[in-house]
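Data first, discussion second: the structure below is written as C-alpha cells.
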Amino acid sequence: MIEFAEWLQATPFSEAIQAAGWLVPLLQSIHILMIGVVFVSILTIALRVLELVRMDQGFADVWRRFAPWMWTGIVVMTLTGALLVAAEPVREFTSTSFWIKMLLLAVGIASAIVFRRSLAPMVLAGDTAHEFSPGIKIGAIATVVLWLAIIFLGRAIAYDVEIWGVLSLSS
Amino acid sequence: MDLTGLVQDIEASVVGEWMRTTVRAVPIVEAIHVMAIAVVFGTILVVDLRLLGVRDTKRPYTQVSRELLVWTWAAFVVAAVTGAMMFAANAMTYYQNTPFRLKLLAIAAAGLNMLVFHFVTGRNVDEWDTERTAPAGGRVAGALSILIWTTVIVLGRWIGFTKGYDFSIPEEVDLDALGSGIDVLLDFGDALPSGAPPSDAAP
C-alpha cells in the first residue's frame with residue numbers, strides 16, 4: 001500500500017496538483033463548503049424522521065428538498081477528496097483516521113441507500129401522517145453521530161500521531 | 001489601546017498555554033470548529049436559497065428562517081469559541097496573518113449584511129413572507145450572504161496554508177506515553193513535558 005502511495009505521489013498528475021500551491025487549499029475549501037451542505041441536509045432529514053422540524057411538511061417534501069443536495073454534495077466531496085488524496089497519498093494512506101473515515105463513509109452512504117429503498121411508496125407519495133418506527137428513529141440519530149465522526153476524522157488526518165499515538169499508521 | 005500587548009497577553013493566557021501543551025487539544029478543537037462551520041454555513045444557505053426563491057418557496061420565509069436561527073446562532077457561538085481557542089494558541093501569528101485579518105473582516109461584513117437586511121431592506125417581510133421570491137433587497141442580501149460566507153471559509157483554509165505552525169510535538173515525547181487512542185482520546189491531561197517550545201511571538 002505504501003509503495004502504491006509513493007508511486008501515486010510521484011506521478012505527474014499528483015505532482016501537478018502539488019505544484020499548484022493554490023489548488024489544495026481550494027479543493028479543501030470546496031470540500032468544507034460541501035460538508036455544510038451535506039451535514040445540514042442529513043441533519044434536517046434526520047430531525048424530520050424524529051418529528052422535530054418541518055412538521056408542516058410531509059416527509060416526502062423534506063426528502064425531495066434535501067436528498068438531491070445531500071447526494072450532489074457527497075459526489076462533490078468524493079471528487080475533491082479523491083484529488084486531495086492524489087495530491088498527498090502517503091500522508092492519507094499512513095493515517096489511521098483516514099482509513100476509519102473511509103470505512104464510516106462507506107457505512108454512511110450504504111445506509112442512506114438502504115434507507116431510501118426502504119421508504120414505502122406511500123411515504124414518498126406525501127403521506128404527512130406517516131410515523132417512522134423506533135428503529136428508524138434510532139437510525140436517524142446514529143446517522144447524525146456517524147457523520148459528525150466522519151467530519152472529526154477528516155480534520156484529524158492532519159494530526160494522526162497526536163490523536164492515535166502508537167495506533168497511528170505513521171508512527 | 002495596545003492591541004499588540006493584548007494579543008501577547010492572550011497568547012500567554014491559560015487557554016493559550018493549555019492549547020499548546022495538550023497534545024490532542026488542537027486537533028479536537030479544530031474538528032469541532034469544522035463541525036460548527038458546517039452547521040453555520042449549511043443552515044444559512046437554506047435561508048438564503050429561500051430568499052432567492054430557489055428552494056422552500058411554498059413555505060413562508062419567516063418560518064424557514066426562524067426554525068433555523070437557533071441552530072445557526074448556537075453553531076456560530078461554538079465556532080467563535082473554538083476559533084478563539086485556536087487564536088489563543090498562536091495569537092501573535094494569527095494577528096499578523098493577512099488571511100486571518102481578512103477573515104475577521106469578512107465575518108464583520110456578513111454581520112453588516114444581516115443587520116442591513118434585518119433593519120432596512122427586510123423590514124417589510126410581512127408583505128412578501130409567502131411570496132415565492134423576496135424583493136430585490138432580500139435577494140441581494142441572500143446572494144451576498146452566500147458569497148461572503150463562502151469567502152469566510154476559503155479564507156479560513158487559506159490561514160492554514162500561510163500562518164505556519166510554530167509549535168509541534170517535541171522530539172522527546174514518548175509516543176507510547178500518548179496511549180493507544182480511544183481510551184485516552186478524551187483525556188485532556190497534559191501529555192507533553194512542561195516547557196513545550198514557546199511560539200515565537202513578537203517579530
Side-chain angles (χ1 to χ4, degrees), chain A residues 21-44 47-48 52-57 61-62 64-66 68-70 73 77 96-97 100 144 147-168 170-171, chain B residues 22-46 49 55-56 58-60 63-64 67-68 71-72 75 99 146 149-162 168-169 173-185 191:
Chain A
W22 49 271
L23 195 50
V24 168
L26 180 70
L27 289 168
Q28 289 184 353
S29 297
I30 297 168
H31 203 73
I32 293 178
L33 288 165
M34 289 302 123
I35 291 172
V37 172
V38 171
F39 183 68
V40 167
S41 298
I42 289 170
L43 184 65
T44 308
L47 290 174
R48 180 59 183 81
L52 293 173
V53 296
R54 293 187 178 241
M55 288 304 287
D56 56 305
Q57 291 181 299
D61 288 335
V62 178
R64 282 197 209 98
R65 162 66 182 83
F66 287 99
W69 292 77
M70 175 186 76
M77 280 202 288
T96 303
S97 291
I100 299 175
V144 172
W147 282 92
L148 284 175
I150 290 171
I151 298 172
F152 180 91
L153 290 165
R155 184 61 275 207
I157 289 170
Y159 300 97
D160 214 53
V161 174
E162 286 91 330
I163 291 289
W164 295 104
V166 287
L167 287 186
S168 170
S170 60
S171 71
Chain B
T22 309
V23 171
R24 292 187 177 87
V26 168
I28 290 174
V29 169
E30 284 189 5
I32 296 170
H33 194 66
V34 175
M35 292 174 193
I37 286 170
V39 175
V40 170
F41 179 74
T43 53
I44 287 176
L45 183 64
V46 170
L49 291 173
R55 285 290 183 275
D56 292 316
K58 287 175 186 162
R59 305 180 80 217
Q63 190 180 9
V64 174
E67 71 185 6
L68 288 176
W71 291 87
T72 309
I146 294 174
W149 285 108
T150 300
T151 306
V152 169
I153 288 177
V154 172
L155 288 169
R157 259 318 43 216
W158 191 10
I159 294 169
F161 285 81
T162 50
S168 59
I169 295 188
V173 166
D174 179 7
L175 288 180
D176 294 323
L178 270 178
S180 57
I182 293 166
D183 54 325
V184 282
L185 189 58

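Atom set for the values below is all heavy atoms of this structure, side chains included, hydrogens, waters and symmetry mates excluded. The structure displayed is predicted, hence computed values, not measured ones.
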Heavy-atom distances under 4.5 Å only: say whether B:Val40 touches chain A with side chain, backbone, both or neither.
neither
Give, as side chain, backbone, both or neither, the part of A:Leu52 having an atom under 4.5 angstrom from any heavy atom of chain B.
neither
A:Leu33 side chain reached by B:Trp149 side chain, heavy atoms, under 4.5 Å
no
Part of A:Leu43 within contact of chain B (heavy atom distance under 4.5 Å)
side chain
Could you tell me whether B:Asp56 and A:Arg54 have a side-chain N and a carboxylate O separated by less than 4.0 Å?
yes
With sequence neighbours excluded, what pairs up with A:Asp160 under the salt bridge (charged side-chain N to carboxylate O under 4.0 Å, His left out) test?
none
Using every non-hydrogen atom in the two residues, find where B:Phe41 and A:Gly36 come nearest and quote the distance to one decimal.
CD2-CA, 4.4 Å
Flag the pair B:Arg24 and A:Glu162 as a salt bridge only when some basic side-chain nitrogen lies within less than 4.0 angstrom of an acidic carboxylate oxygen.
no
Is B:Phe161 close to A:Pro25 at the side-chain level, that is, under 4.5 Å between some pair of heavy atoms?
yes
If you round to the nearest 0.5 Å, how far is NE2 of A:His31 from CZ of B:Arg157?
11.0 Å
When rounded to the nearest 0.5 Å, the distance separating CD of B:Glu30 from CZ of A:Phe152 is 10.5 Å
Out of B:Ile32, B:Ile37, B:Leu155, B:Leu49, return the one with the most heavy atom pairs under 4.5 angstrom to chain A.
B:Leu49
Going by heavy atoms in the side chains, are B:Leu45 and A:Val40 under 4.5 Å from each other?
no
Hey, which of A:Phe39, A:Phe66, A:Trp69 has the most heavy atom pairs under 4.5 Å with chain B?
A:Trp69
Would you mind checking which part of B:Ile153 comes under 4.5 Å of any heavy atom in chain A, side chain (CB onward), backbone (N, CA, C, O), both or neither?
both
So, the part of B:Ile146 with a heavy atom under 4.5 Å from chain A: the answer is neither
Chain A interface, residue from B:Ile44, B:Leu68, B:Thr43 that has the most non-hydrogen pairs under 4.5 Å
B:Thr43
So NE2 of B:His33 and CD1 of A:Ile151: to nearest 0.5 Å the spacing works out to 13.0 Å
For side-chain contact (heavy atoms from CB on, under 4.5 Å), just list the numbers for A:Asp61 and B:Lys58, CA-CA rounded to whole Å, side-chain angles, deciding distance to a tenth of an Å, and then say yes or no.
CA-CA 10 Å; A:Asp61 288 335; B:Lys58 287 175 186 162; over 6 Å; no
Quickly, which of B:Val26, B:Val23, B:Ile28 forms a side-chain contact (heavy atoms from CB on, under 4.5 Å) with A:Tyr159? Name it, please.
B:Val26
CH2 (B:Trp71) with more than 12 external heavy atoms under 6.0 Å
no
Contacts of type salt bridge (charged side-chain N to carboxylate O under 4.0 Å, His left out), residue B:Arg55, not counting sequence neighbours:
none
Among A:Leu148, A:Val37, A:Val53, which residue has the highest count of heavy-atom pairs closer than 4.5 Å to chain B?
A:Leu148
